Amino acid sequence: MDTRTYDIEGFAEQLVEHGLIVPTGIKGAYGRGPVFEDILQRFDALVKRIAADDGAQELTFPPVLARAMIEKVGYMDNFPQLAGSVHSFMGTDKQARELSAKVHAGERWEDMLSPTDVMLTPAACYPVYPTFSGLLPQGGRLVTVLGWVFRHEPSDEPTRLQHFRMREYIRVGKPEDVVAWRDAWLQRGLTLLEGLGLPVQSDVASDPFFGRAGKMMAANQVDQRLKFEILCPVISREKPTAICSFNWHQDHFSSKFGIRTSEDAVAHTACLGFGLERVTLALIKAHGYDVADWPAKVRDQLWPR
Ligand code: ATP
Ligand code: ZN
Ligand code: MG
């Protein structure tokens, strides 16, 4: 039986006290101490070691995405409540003086900014889909990315951040290959996380589509088993936290970006993402605030000799 206590404030306080996280005054945007970051990086390295034989191509993108891409993937239709837009000042000298005066007078000044061509990337895989455009090589492709993502969901829960990192794998190819890949990784993810002593379970899930129409989209996503999550109790026993997600997009991205199989048929895409901060917090919750006390079985995997 799980006899641990789950209390959000107590957990956050302990994390700060042990130097694992550093408060910034912003909800969901704390700094990471060296030990927190070491755990995170080592978990990421472990994932990459496990996946090494798959031969994924590693790509790295900046944490901003073209506004046109946000529009094209339908983000403003489905998740406007999570979006983060980058604005800047594009005015005249006179307006710049006005802006500065407003700032110093303690007046609101944001209306003097204009939207730039970029938004903050809300999912690490988005920049990858356009790179698949056209005819795929035989067998499709597999890409991995590590990226910072932004979501406007300020919260006191240490597990719900506004800016966090995802290690994602993105598979594109024939529909049956993509589904088989997703299924195999779901098992692989469970085995990996169980092997690290985490009390995980998997379940079908849905995305937080906005509004009333969104409820139907979410129900449809569950019916079609398009999204799975690996869940682990971190801040609550009753509502375990999603630490890894698996999404089968069918032809959502391939139709938008003109992605075709080597035989010029409809391609499907799927992605999986480990929420690296959440995995780190799950490990801390499971094994304690001092990594020196963690079980040897866990230490040996994260800090291999
Ligand atoms: P949740 O249901 O908890 O909001 P999600 O369904 O929005 O999670 P995804 O969109 O599938 O999550 O994102 C992939 C992974 O990123 C999740 O499995 C999780 O580990 C992590 N993640 C999602 N939202 C956050 C957040 N606000 N803070 C930290 N990690 C997050
Ligand atoms: Zn993804
Ligand atoms: Mg969410």
Side-chain angles (χ1 to χ4, degrees), residues 8 12 15 21 26-30 32 36 40 43-44 47 56 59 61 65 69 73-75 78-84 120-129 131-132 142-172 178 181-182 185-186 189-190 192-193 198 200-210 214 217-218 221-222 226-236 239-250 252-253 268-283:
I8 294 167
L15 291 167
I21 66 171
I26 309 167
K27 281 182 195 288
Y30 46 74
R32 283 77 164 152
F36 185 103
L40 184 149
F43 173 77
D44 186 50
V47 173
L59 298 177
F61 291 93
L65 202 60
M69 263 290 284
V73 298
Y75 204 78
N78 295 328
F79 313 109
Q81 78 281 17
L82 300 177
L120 299 175
T121 305
C125 58
Y126 283 148
V128 175
Y129 302 108
T131 73
F132 293 148
L142 177 65
V143 166
T144 185
V145 292
L146 169 64
W148 280 94
V149 301
F150 174 89
R151 291 182 186 179
H152 185 243
E153 40 188 4
S155 162
D156 290 323
E157 299 169 10
T159 45
R160 188 163 299 284
L161 301 172
Q162 298 205 62
H163 238 161
F164 55 97
R165 275 161 289 180
M166 277 186 203
R167 162 60 64 187
E168 285 214 43
Y169 285 85
I170 301 104
R171 179 81 170 91
V172 58
V178 165
W181 175 85
R182 193 269 318 259
W185 249 112
L186 181 55
L190 280 167
L192 163 67
L193 296 163
L198 298 178
V200 289
Q201 65 191 76
S202 65
D203 201 359
V204 287
S206 59
D207 285 313
F209 293 101
F210 185 81
M217 295 186 70
Q221 203 181 14
V222 170
L226 299 182
K227 184 181 178 88
F228 285 86
E229 287 174 344
I230 294 181
L231 304 155
C232 181
V234 186
I235 53 163
S236 154
K239 286 195 186 153
T241 301
I243 57 176
C244 183
S245 304
F246 305 76
N247 296 286
W248 173 26
H249 321 110
Q250 299 179 314
H252 176 76
F253 293 112
H268 277 195
T269 62
C271 72
L272 69 93
F274 289 95
L276 295 179
E277 281 78 8
R278 284 191 179 176
V279 172
T280 303
L281 293 166
L283 287 165

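Read the numbers this way: they start at 1 and go in the same order the structure lists the ligands and their atoms. In this text, all values refer to a predicted model and were calculated from it rather than measured experimentally. Only this structure's heavy atoms are used, side chains among them; waters, hydrogens and symmetry mates stay out.
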Provide the atom name of the closest N, O or S atom of Glu168 relative to the Zn ion (ligand 2).
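Considering only N, O and S atoms, Glu168 comes nearest to the Zn ion (ligand 2) through OE1.
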Self-check item: Ring centre gap for Trp185 and Phe246 strictly below 6.0 Å
Solution: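 Centroid distance Trp185-Phe246: not below 6.0 Å, so no.
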* Do the two ring centres, one from Phe132 and one from Phe253, sit under 6.0 Å apart? ->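 They do not qualify: ring centres at least 6.0 Å apart.
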Would you please name every residue forming a side chain to side chain contact (heavy atoms under 4.5 Å, CB included) with Ala270, sequence neighbours left out?
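Ala270 satisfies side chain to side chain contact (heavy atoms under 4.5 Å, CB included) with Val178, Trp181 once adjacent residues are dropped.
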Which residues share a side chain to side chain donor-acceptor pair (under 3.5 Å) with Thr280, sequence neighbours left out
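Here no residue qualifies.
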Worksheet item: Can you tell me if Thr241 uses its side chain to pair, donor with acceptor, with the backbone of Pro233 under 3.5 Å?
Response: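 No, the answer is negative, given that no donor and acceptor are paired below the 3.5 Å cut-off.
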**Asked** With hydrogens left out, which residues have an atom under 4.0 Å from ligand 1, given that only heavy atoms count?
**Response**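 Ligand 1 pocket, heavy atoms under 4.0 Å: Arg151, Glu153, Thr159, Arg160, Leu161, Phe164, Met166, Lys227, Glu229, Ala242, Ile243, Cys244, Ser245, Gly275, Arg278.
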Only pairs under 3.5 Å count here: list side-chain donor-acceptor contacts from residues 200-208, not counting sequence neighbours, and write none if there are none.
from, atom 1, to, atom 2, distance (Å)
Asp207, OD1, Lys227, NZ, 2.9
Asp207, OD2, Gln221, NE2, 2.9

